[in-house]
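What follows is one structure encoded as C-alpha cells, with my remarks underneath.
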Amino acid sequence: MTICLAVDIGGTKLAAALIEMDSASQPRMVVRHLAETRSSGNPQLLIATLAELLGPLVASANYVAVASTGIIDHGILTALNPQNLGGLDRFPLHEVIAQITDLPVYLINDAQAAAWAEYLAYEQLFADLAFITVSTGVGTGLVLNHQLLTGARGIAGHSGHMLADPNGPLCGCGRRGCVEAIASGRAIAAAGQAVFGDKCSGMQVYQHYLQGDAQATAIIQRSADAVAELIANLTITLDLDAIIIGGGVGLAENYIGLVEQALGKMPALYRPQLFPARCHTDAGLLGVAQWAATISKEKQ
Ligand code: BMX
Ligand code: ZN
C-alpha cells in the first residue's frame, strides 16, 4: 500500500488529504485538512499557506498529487482567468511543492482531476465523457477512449472559455462572451449585483431564483442555456457517451433540469445523457490521487 498526499488548489479554498492507495489503486481518504486560498496575487502568501497545510502530513506520504485551478504547463501554474486565482500568474507550483515536501510530485488541472474521479466513480462505464464543473469558474475535463486528456501544454478541456455569446460580457481571460463569463458562480453574482445590490452573492441569486423571482430566474436560465450550448458543442465534436455535471452551481437544486430543458430544444444528436457528479467536493483530491497512481505505475 502507498500513501498519497493529495492537494486541491481552488479559487477560494485549499484542501490537502492523505489517501491510502491499495494495490488496485483504490483510494481511502484517511485525513483531510482545509485552508482558505489567501493568495490575492501574492505568491509568498500561497507558498506559506501550502507549507502550513502540507507540513504536518508530509511524513506519512510516498508521493504528492496536486489538482489546481488554472493551466498546469510543465509544472508552472498560469491562470487563464486571473480573476479566479487572485491574479497569480506563472507560479512555479511543481518546484514549490517539491521544496516543501521533498517527495515526487504529480500535477494536473482541477477539472481534469475531477473528470478522472468521475470516470472511475461511474465504474469506467463511459469510454468518452466530459465532466463540467459550474463553480467559481466553469471547468471541464475530458476522458476520451478511457484516457484522461491533459494536453501538451496542460490546456485540454478549458472549454468553459468557448464562445456562448459574441455580445456577452468580457471574460477574465480576455475573450468576450465565454461560457464562464455568463454561466459561472462569479458571473451569476456579477449579474445579480446589478439587480439586488453590491453585496449579493451567486448563492443568493440562486435562492431568489428558487423563490420564483423573475430577474433571478432570467440570470440562472442564461447560465443554464450557456452550459447547454457548451454541452452541445462538445457532444457534436467528440461523440461523447455522457456528460457529468458538478460544482456548487452545477449541483444546485434543479440546475441540471434547466440544462436538460435547454438541450431539449436542440436536435437529438446534440443531446447526450447528463449525470450528476458522484464525488462532490472530493473529486479533485480523489481524481488526482488515482491519476498519479496510474502515471507512476506506467513510469516504473
Ligand atoms: C477557470 C480556470 C480553469 C478551472 C476553472 C474551474 C483559472 C484560474 N481557472 O476556467 O483552469 O478549471 O476555472 O475552476 O484560470 P474552479 O476554481 O471554479 O473549480
Ligand atoms: Zn474566458
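Whatever order the structure lists ligands and atoms in, that order sets their numbers, starting from 1. All values reported here derive from a predicted model rather than from experimental measurement.
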What are the two closest heavy atoms between Ala293 and Met21, and how far apart are they?
-> CB-CE, 3.9 Å
Crowding at CD, Glu253 (>12 non-hydrogen neighbours, <6.0 Å) | no
Give the atom name of whichever N/O/S atom in His161 sits closest to the Zn ion (ligand 2).
-> ND1
Are Gln221 and Asp225 linked by a side-chain donor-acceptor pair shorter than 3.5 Å?
-> yes
On the 0 to 90° scale, with breaks at 30° and 60°, tag the Tyr206-Tyr209 ring pair as parallel, tilted or perpendicular.
-> perpendicular
Could you tell me whether the side chain of Asn109 and the main chain of Gln112 form a donor-acceptor pair under 3.5 Å?
-> yes
Near ligand 1, which protein residues have a heavy atom under 4.0 Å away?
-> Gly11, Thr69, Gly70, Ala79, Leu80, Asn81, Asn84, Leu85, Asn109, Asp110, Ser135, Thr136, Gly137, Val138, Gly139, His158, His161, Glu180
Distance (rounded to the nearest 0.5 Å) between Ile182 CD1 and Ile188 CD1 | 11.0 Å
How many degrees, to 10°, between Cys173 SG and Cys171 SG as seen from the Zn ion (ligand 2)?
-> 110°
Please report the shortest heavy-atom distance between Thr140 and Ser159, naming the atom on each side.
-> OG1-OG, 2.9 Å
